[in-house]
Amino acid sequence: MVQVIKNALLTNGQNVDILIENGRIKDVVRHADSFYPVLFDAEEMYISPGWIDLHTHAFPKYPPYCAVPDKIGYQTGVTTVVDAGSSGADTIEEFYQVTKQARTRVLAFLNISRIGLKRFDELANIDNISWQAVQHAAANYPSFIVGLKARMSASVVGDNKLEPLRLAVKYSKALKKPLMVHVGSAPPMLDEILPLLNKGDILTHCYHEKSSNHIFQPQGGVKKALKEAVQRGIFLDVGHGKSSFSFSVAKKAKETGIHFDTIGTDIYEDNQVNGPVYSMATTLTKFLALGYSLETIIQAVTETPAHILKQPKLGNFNYGSYAEFTFFTIENQTKTLIDSIGNQIVTNQVIKPQAVYLGNEYIKLEPCYSYR
């Protein structure tokens, strides 16, 4: 049976009716025929494809980088969470079973270390990196595992330097899945990391401000390796997190034309409750306050991550795509926003998710979960 969502406001300002049949999008029209049953009237709310958070920690096993999927997912307006390497091959079956209990859609970047985040130096022992383990996990969970993850910080890789990354690049090419690379404190240096990445790979924490390992040269210009990577087709993910997002770097990046592709939050239980992430809505509000258009920021949590993940039925309003939507408002409210460094900006416009449509159900959100 075809049903209709009436008076949905798109981010481009258009008012439309959305026709749904059997959990899929049938059509998007200006005015649907009156004989279709009305699911609900979305008047005074924006609608977008369901938000996709490309960088989360949704495996509840290993604190502090852990969370229950639904608490960082649909309850905050995010209908798809993508775990960024919490689990390696040793625990991927356990993680998969957790996701089967969630209403939120959960996908995963498999940590190239088979132990995942059981230890914070998971790439310091090269013996934990096994092609056989990665290949076996990817073969067993081809739809769940959407790519690989390598955390390339000094505290993670130890004396192994770039060797874990070289292996990760090799494995991701063999699997034909993207590689997400965390960059933080050196060594290794960003200038060493970027040339190894291939088109379609993802650099996360792109606006961090750690030591000399961020995207700008000491004299102020964008690093050559970063420019070349973007030209080569490397995607930039925000990956906000507890210590990886700087307003000053983000402002400078906007001024110099180094724009994010996706707005991943790097959310987990601690930085959801205690900040500075809190929620996807808070993170999106920060970019609205930085001067990005609503269309641009919503594309970064819908169409673009779906494209990167090769998920054509997510992130759009196309015929046959999943009927998964996020409903939100932009409210006039004075709000102080904080980055990972402790810097603040004040905004007068706040994005607030109001509901999601997921699993053929309209779910109104509780304010305590949807925005902080």
Side-chain angles (χ1 to χ4, degrees), residues 53-73 75-76 78 80-130 133-134 136-138 140-141 144-158 160 164-165 167-168 171 179-185 202 204-205 208 237 239-245 264-280 340:
D53 193 338
L54 193 70
H55 188 151
T56 73
H57 289 284
F59 184 32
K61 188 176 181 70
Y62 297 129
Y65 305 121
C66 63
V68 174
D70 284 341
K71 288 187 177 181
I72 60 172
Q75 292 175 1
T76 70
V78 176
T80 298
V81 298
V82 188
D83 184 88
S86 304
S87 174
D90 287 354
T91 52
I92 196 66
E93 163 65 19
E94 182 180 353
F95 185 20
Y96 180 69
Q97 293 303 322
V98 168
T99 70
K100 290 173 68 175
Q101 307 306 313
R103 300 179 76 170
T104 307
R105 184 185 301 278
V106 184
L107 303 171
F109 286 100
L110 181 74
N111 197 312
I112 64 161
S113 170
R114 63 186 306 149
I115 67 171
L117 295 184
K118 182 178 182 179
R119 294 174 57 100
F120 300 153
D121 61 348
E122 75 270 18
L123 298 178
N125 183 350
I126 209 75
D127 291 338
N128 287 329
I129 306 173
S130 163
V134 167
H136 183 70
N140 284 345
Y141 304 98
F144 177 46
I145 296 174
V146 292
L148 300 182
K149 173 71 182 293
R151 299 200 306 145
M152 297 304 297
S153 287
S155 60
V156 178
V157 302
N160 288 324
L165 181 59
L167 292 172
Y171 298 169
L179 171 66
M180 176 183 279
V181 177
H182 155 121
V183 63
S185 299
I202 306 139
T204 192
H205 307 315
H208 80 77
D237 175 60
H240 187 306
K242 193 169 186 176
S243 60
S244 299
F245 176 71
T265 61
D266 188 15
I267 196 169
Y268 46 88
E269 187 176 83
D270 179 70
N271 68 30
Q272 179 183 37
V273 174
N274 299 312
V277 177
Y278 295 116
S279 68
M280 173 61 81
S340 300

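Small disclaimer: the values here were computed from a predicted structure and weren't measured.
- The local environment of OH in Y62 is crowded, with over 12 non-hydrogen atoms from other residues, nucleotides or ligands closer than 6.0 Å.
- K71 has no carboxylate O lying under 4.0 Å from a charged side-chain N of E269, or vice versa, which leaves the two without a salt bridge.
- Between T76 and Q272, some side-chain heavy-atom pair lies under the 4.5 Å cut-off.
- For the pair A108 and F95, the tightest heavy-atom approach, listed with the atom from each and the gap, is CB-CE2, 4.0 Å.
- Between T204 and M180, the closest heavy-atom pair is CG2-CG, 4.0 Å.
- You'll find the ring centres of H182 and H55 outside the 6.0 Å limit.
- The two residues A168 and A150 have their closest heavy-atom pair at CB-CB, 4.1 Å.
- Put simply, the side chain of D70 gets close to the backbone of T104: a donor and an acceptor are under 3.5 Å apart.
- In this structure, the separation between CE on M152 and OG on S185 is 13.0 Å, given to the nearest 0.5 Å.
- Closest heavy-atom contact between I92 and A137: CG2-CB, 4.0 Å.
- Scored by the salt bridge (Lys or Arg N to Asp or Glu O under 4.0 Å) test, K242 finds D270 as partners (sequence neighbours excluded).
- R103 places no side-chain N or O within donor-acceptor distance of the main-chain N or O of G73, the cut-off being under 3.5 Å.
- With hydrogens and angles left out, the side-chain atoms of H208 and S340 include no donor and acceptor closer than 3.5 Å.
- Side-chain contact between V157 and L165: absent, with no pair of heavy atoms (C-beta onward) separated by less than 4.5 Å.
- Residue Y278 comes nearest to V273 through the heavy atom pair CE2-O, 3.7 Å, listed as atom of the first residue, atom of the second, then distance.
- The side chain to side chain donor-acceptor pair (under 3.5 Å) test applied to T91 returns S87, not counting sequence neighbours.
- Looking at heavy atoms from C-beta onward, S86 lies out of side-chain contact with N111 at the 4.5 angstrom threshold.
- Considering NE2 of H57 and CG of L117, their distance stands at 6.0 Å, rounded to 0.5 Å.
- Between the N160 side chain and the L123 main chain, a donor and an acceptor come within less than 3.5 Å of each other.
- Here the side chain of N271 pairs a donor or acceptor atom with the backbone of D266 at under 3.5 angstrom.
- Inter-residue side-chain proximity for I202 and F109 is flagged as met; some heavy-atom pair is nearer than 4.5 Å.
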Discussion item. Between Y268 and V277, is the side-chain contact (heavy atoms from CB on, under 4.5 Å) condition met? List the steps.
Written reply: CA-CA 9 Å; Y268 46 88; V277 177; over 6 Å; no
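- A distance of 4.5 Å separates OG1 in T99 from CZ in F144, rounded to the nearest 0.5 Å.
- Under the salt bridge (Lys or Arg N to Asp or Glu O under 4.0 Å) criterion, D90 pairs with R114, not counting sequence neighbours.
- Atom NE2 of H240 is separated from atom CD1 of I267 by 10.0 Å, given to the nearest 0.5 angstrom.
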Worksheet item: Would I126 and L167 satisfy side-chain contact (heavy atoms from CB on, under 4.5 Å), going step by step from the backbone distance to the final call?
Response: CA-CA 10 Å; I126 209 75; L167 292 172; 4.1 Å; yes
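- With rounding to the nearest 0.5 angstrom, the CD1 atom of I112 is 11.0 Å from the OG atom of S130.
- Remark: F120 CZ to R151 CZ distance equals 7.5 Å, nearest 0.5 Å.
- In terms of modelled atom types and a separation under 3.5 Å, the side chain of D53 and the main chain of T265 share a donor-acceptor contact.
- The main-chain N or O of A84 is found under 3.5 Å from a side-chain atom of K149 such that the two form a donor-acceptor pair.
- Across all their heavy atoms, D83 and A58 have their closest contact at OD1-N, 2.7 Å.
- For the pair D121/V156, no side-chain contact is recorded, criterion being any heavy-atom separation below 4.5 Å from C-beta on.
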